[in-house]
There are 4 protein chains.
Amino acid sequence: MAENGTPTLGIGMVGYSFMGAAHSHAWRNAVSFFELPVVPQRVVIGGRNADAARATAQKFGWGEVESDWRALIARDDVDLVDVCTPGDTHAEIAIAALEAGKHVLCEKPLANTVAEAESMTQAAATARERGVRSMVGFTYRRVPAIVLARRLVAEGRIGQVRHVRAQYLQDWLNDPAAPMSWRLEKDRAGSGALGDIGAHVVDLTQYITGEPITGVAAMMETFVPRRPLPGDGSGVATLGGHVTGDDVPMGDVTVDDAAVFLARFGGGALATFEATRYATGRKNAIRIEINGSEGALAFDFEDMNVLHFYDATEDAQTAGFRRILVTEPEHPFVAAWWPPGHLLGYEHGFTHQMVDLVNAIADGRDPEPSFADGLRVQRVLAAVEHSAAKDSAWTEIPQ
Amino acid sequence: MAENGTPTLGIGMVGYSFMGAAHSHAWRNAVSFFELPVVPQRVVIGGRNADAARATAQKFGWGEVESDWRALIARDDVDLVDVCTPGDTHAEIAIAALEAGKHVLCEKPLANTVAEAESMTQAAATARERGVRSMVGFTYRRVPAIVLARRLVAEGRIGQVRHVRAQYLQDWLNDPAAPMSWRLEKDRAGSGALGDIGAHVVDLTQYITGEPITGVAAMMETFVPRRPLPGDGSGVATLGGHVTGDDVPMGDVTVDDAAVFLARFGGGALATFEATRYATGRKNAIRIEINGSEGALAFDFEDMNVLHFYDATEDAQTAGFRRILVTEPEHPFVAAWWPPGHLLGYEHGFTHQMVDLVNAIADGRDPEPSFADGLRVQRVLAAVEHSAAKDSAWTEIPQ
Amino acid sequence: MAENGTPTLGIGMVGYSFMGAAHSHAWRNAVSFFELPVVPQRVVIGGRNADAARATAQKFGWGEVESDWRALIARDDVDLVDVCTPGDTHAEIAIAALEAGKHVLCEKPLANTVAEAESMTQAAATARERGVRSMVGFTYRRVPAIVLARRLVAEGRIGQVRHVRAQYLQDWLNDPAAPMSWRLEKDRAGSGALGDIGAHVVDLTQYITGEPITGVAAMMETFVPRRPLPGDGSGVATLGGHVTGDDVPMGDVTVDDAAVFLARFGGGALATFEATRYATGRKNAIRIEINGSEGALAFDFEDMNVLHFYDATEDAQTAGFRRILVTEPEHPFVAAWWPPGHLLGYEHGFTHQMVDLVNAIADGRDPEPSFADGLRVQRVLAAVEHSAAKDSAWTEIPQ
Amino acid sequence: MAENGTPTLGIGMVGYSFMGAAHSHAWRNAVSFFELPVVPQRVVIGGRNADAARATAQKFGWGEVESDWRALIARDDVDLVDVCTPGDTHAEIAIAALEAGKHVLCEKPLANTVAEAESMTQAAATARERGVRSMVGFTYRRVPAIVLARRLVAEGRIGQVRHVRAQYLQDWLNDPAAPMSWRLEKDRAGSGALGDIGAHVVDLTQYITGEPITGVAAMMETFVPRRPLPGDGSGVATLGGHVTGDDVPMGDVTVDDAAVFLARFGGGALATFEATRYATGRKNAIRIEINGSEGALAFDFEDMNVLHFYDATEDAQTAGFRRILVTEPEHPFVAAWWPPGHLLGYEHGFTHQMVDLVNAIADGRDPEPSFADGLRVQRVLAAVEHSAAKDSAWTEIPQ
């Protein structure tokens, strides 16, 4: 029980770097800004590097540090396991946690392969029968403008969806001197731009339209096939930091730098997709445009508090894309924060995710996106890789 | 009579440079793109520099050249005199034409002083009794987005007007080596940024709101008080062209480089105005924003085919400024041109002006803006100069 | 010889509707606003409907009307034949004109089939040996912002091109009650959105990058397969105008409503393309983005006076997409028009096209885009249709 | 000492509502995301309403609650007093804290009158001699784009400042049924839009330009002079919530709804200012534009991660406003947060404020903005009220 008598939910988080900070902050803010039926407690943080984990624990007020994730799962005071590690470890940790009867929040992508994702989805289904909940962390679903987009589509405000164009554009690999990192190794990361960022727009477009992607035709490319290894040659580097010089040892980039694909949605819409880390000038441009028979939507994460909405049923004289500043109390999640016009940032999506997850657990409902949703994304990514390897041949997605 | 039996209207134009080209092109396009009850004929062009006038005549298909404007007015085949000369000559030419029974289109500003403008307005009133029409050339009133703005205000779509902010921003005088020109001499130009460009936003805001400006508090400034005389020291230079060097003879700038003022509108709205040729990065930014109790409008000439409209009565969830691309056939003047999304440019406003003028003459109606409208603008400009000279003291505008 | 002693170029134009008006206006403005070494004369206009042709002649000052295009070509006073008819007639007229020793300007698309385009390109090559010039009318190449984009790429300002995303989005067919027209019949139009508007972005991206498209993978779709026939059941309707009711006779739409495709450029760039008439809210959105290793460009025709340019070599602190208002005298074609910030419109591209064509003829140079350029576009369109018919299979473009 | 041996700084905060939440969150995040030489501890929160204070304490992890602010100040474990109460209480609390040797962070506006602000500034100067630091909470100074703007001006990138236009636009009072609140009572709030939001743009423009405002000419207006009292007629209501009905008791609005003024900066620039809560469609639009002889800047808080910068020394062909996305590690404060393109929100400015304050205290430096800066703003506000009461007469600001 929390101080005020509200029941608690013990959180054990595995992972401590970028995502670990984002999740820590979100667990904390969920309590500070929202009224929750159950109070999440930051019980324990786990990670191979105990010093790094301890530093994160201290900065964000985690109670304890545990270097062995199995021990973390086994703790009685842990009710929910939050998996923030690289994708190649997701399946093992998440399945173990579910089997131990712990709710699981697993960062995206759900896994590095369809097979792993299937096992996890199976484990989630089994656990669910015992009231154990699971969720995959496609946090961009909780950006208020995205939720509003989904709501407008569901209310029929844009009619039948005919066109989707979705891009996730970054440029941090444009410099050929940017070093190798685990994100550029197929073994660790599964894929490159496709899985890391393309996965988000695959999930978001399916979420907003409420329709599955049914097939793809794809191309992939690695523009810079070899990159300098970071300082100690370990092949593990953080984002940023340039390595130059003649004698620098080089490593092979084994993932895609960029992926483009055509797609068809369940309702018949035509789509173009693009994911790249070489789109100079675009830093984190998640751009989604949807045209329907009754209206249209446009979103760009680089202006993330805004949704553009065109109502095709309006009088021609005053019709036009509306720049909706999604900061009104009537908008999703916003009433808990600041007055209108006071913008939210990147990290707020994580807080909203925790809020929805906690509410679902308290209500005995399944939260969304589910592991099955994560599997659905994984199957699209696999079809993209298959098509790209087969001269862009049309590849159906198993539903 | 024109070839097809339609009656004709003989045009005599005085002036041949920038405005002469714009008007010539507009008279021609009015015939090409619009159905007119009377066909304007480019009969004769007049100007002191006969060679320059002849060149314009040849390029734009004027029938004859006349170096004496009095002779031009006297011609039987001239039904309308189009005055495109600098402001210090407007009164004399326009009054003579009106007295000769010729319709008059007079470029803005109507005159360089209130006294001249009053004489002209008086002459227009007298001529009107004989069916002679007059119009002052505030062409920006005929930009489709501006007409749409006026229409939305008139229909009550923004309710009671509470705030107006209007700017006309250019930067072509920012370079201190830009040479003297007649536009920088008080005797020729009347005033500087105030009369040349400020006059437009004074007229436009009164036109769009349908309310007069009732008082002002102002500041004016000349940032660069002396400028190099152009090549021959004549003090007459065209736009552009830089003059540098140590021994360059210099001339005194006797007009304002910039003017800013507060204003009150008839309905009680508060307003800020600004006119300057030193707003680096802004090239021809006529920017007008109006907030009313029911909605708001925003316009920028640098994106002139667009009107932004906010409907405050809409549901909060989907309210937002609509970016109306004013290129639909339902929009003012647009049906005569191209399909939706095919933009119009600066010069189209002139064509629309000629169309409205010709239609008014054919219908026996008075065209707008009238000389009285021009006088109203002149009085605001005079009040601005008075206030600026009196430590920004509040200065009422005689109505 | 013109009045002022300059040699003349007799123009004979075939066609008189939308494109006829645009070309007429452009021939006239080329003379009015530019200094030309040869003065184009609007000698004769031809078209099957003599009344319609006569109306255009009168509005735009063409000397004569000729109902038989063969007679028009045969005239001694015609030096250049301007072909503004639908695509299925281009080959016959253009080849006849070239064989008669007349320069030819042919509207896009060059033809409805690759075979026709090849014949025309062959005819152009033969004629060229006799000093006869030919040009295909991809007028968007002459929008100043597009020319500037091309120039920046050629100067190496964006480095190696890695990503192209190009869309031509309209929405005028979104209404299922919009009637049939020749543009929706394969026999007359060749293809639908693909050839009508997709052709433009295929040409523009090849022009700006200076690289050919080497292969494609495509999808095409017809969303509304049957539409009401216009009033008299003739199957010929103009744009706009809705037909409704139960007993309305319906016709089959035999072209694509939308086409999307992936492409590879000669230098290795990945591209996505889209052409549609169902993108609600987008009226004439020619949108092109290019990311290179040193910088990036972005353009949208709905804001056609602007080019966005990102310089990736700038200091990170002040790097950002620059909104270049392409209205400075230093910008292509602009010095002939108005001062900075006074926008140009859709039709100016046509005038620039005529200016470049006349200058090339006078200088004895081949103008661009050539018929060979038109053929190149046609081959891409054919490959798109082939791929779309073969489950998006990768289809190489013969170079 | 904190757990890791770093010295600590005990914080006592007075106030617990909107600003209390923002400050609580900021003190916490300063520790989580930045490396600080001294660790702020959330020791005690004070406020008249003990239950409300206790709720904030619980949500944000404050150690204790103290209902008497004098007792809070007297505590040995409080090193810094953070004043988040309404403006009429600032002087008393802040002066008492300074006299007790406690560092003070005081929310803006510094006070409700110049006299109070002078006393506070005097108290700060006295305390400073004993090493006690003070700061006024103009948090928008810590928005990264604003810091970058200041930096570019200081580096001479825009040259001599000639034009400033600054607006703070909201619309939450547009509805006449919005109820009375302490913000609309002169006794409590000092002034209306002027002091609440106008104060921010006065401070920001002086900060960015590095120049003081030297004189003003002003107008003020109260559009809706009477408003319904909230439920219990106490005259105290929170933001939002509408009250309607015939018999609703009404209260007098005794502050301005809007203020506009002209101003002159120390270096000679002309400025227009506007603060209003009736700008329909604008939610929290802090808009600042500055034009200098070498360049220009533009900022809008509704797109707060962006700074627009125009470099007038660039080649005309590629000059244009750059949209700088201020999310690079090279930008102020950003390296502590997320990767490029991951936006920051409203609350981050508060965290940055705490970071700068803590660093200044640790370094023995005076933080900025000082109480003297707050006094300078207060004097401008007083001059605006004076000018507005005197028919906009020019009113000098004592420096």
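Letters A, B, ... mirror the listed sequences (proteins, then strands); counts begin at 1. These values consider heavy atoms only, across backbone and side chains, with no hydrogens, waters or symmetry-generated copies.
Heavy-atom distances place the side chain of D171(C), and not its backbone, under 4.5 Å from chain A. For chain C, the nearby part of A218(A) is the backbone; its heavy atoms alone come within less than 4.5 Å. Heavy-atom distances place the side chain of L169(A), and not its backbone, under 4.5 Å from chain C. Looking at V224(A), only its side chain comes within 4.5 Å of chain C, counting heavy atoms on both sides. With a 4.5 Å cut-off on non-hydrogen atoms, A312(A) touches chain C through its side chain but not through its backbone. Residue K390(C) does not touch chain A at all, counting heavy-atom pairs closer than 4.5 Å. Only the side chain of F321(A) comes within less than 4.5 Å of a heavy atom in chain C; its backbone stays farther off. Contact annotation for A263(A): only backbone heavy atoms (N, CA, C, O) come within less than 4.5 Å of a heavy atom of chain C.
Counting heavy atoms from C-beta outward, T280(A) and S293(C) have side chains that stay 4.5 Å or more apart. Side-chain contact between V260(C) and R264(A): absent, with no pair of heavy atoms (C-beta onward) separated by less than 4.5 Å. By the 4.5 Å heavy-atom criterion applied to side chains, L262(A) and E274(C) are not counted as neighbours.
Taken from OG1 in T276(A) to CZ in R165(C), the straight-line distance is 7.5 Å, to the nearest 0.5 Å. In this structure, CD in Q167(A) is found 6.5 Å from OG1 in T272(C), a value given to the nearest 0.5 Å. To the nearest 0.5 Å, atom CZ of residue F223(C) and atom NE2 of residue H163(A) are 4.0 Å apart.
Taking all atoms of both residues into account, the shortest heavy-atom contact from S392(C) to W394(A) is OG-CE3, 3.5 Å.
If you tally non-hydrogen atom pairs under 4.5 Å between each of N174(C), D311(C), D257(C) and chain A, the highest count goes to N174(C). For the set G292(A), G320(A), G159(A), the entry with the most heavy-atom pairs within less than 4.5 Å of chain C is G292(A). For the options A279(C), A271(C), G268(C), A296(C), heavy-atom pairs under 4.5 Å to chain A are most numerous at A279(C). Ranked by heavy-atom pairs under 4.5 Å with chain C, the list A393(A), G295(A), G215(A), A259(A) is led by G295(A).
E289(C) and R282(A) are joined by a salt bridge, as a carboxylate oxygen and a charged side-chain nitrogen come within less than 4.0 angstrom of each other. Of the charged side-chain nitrogens involved, none lies within less than 4.0 Å of a carboxylate oxygen, so that E221(C) and R162(A) do not count as a salt-bridged pair.
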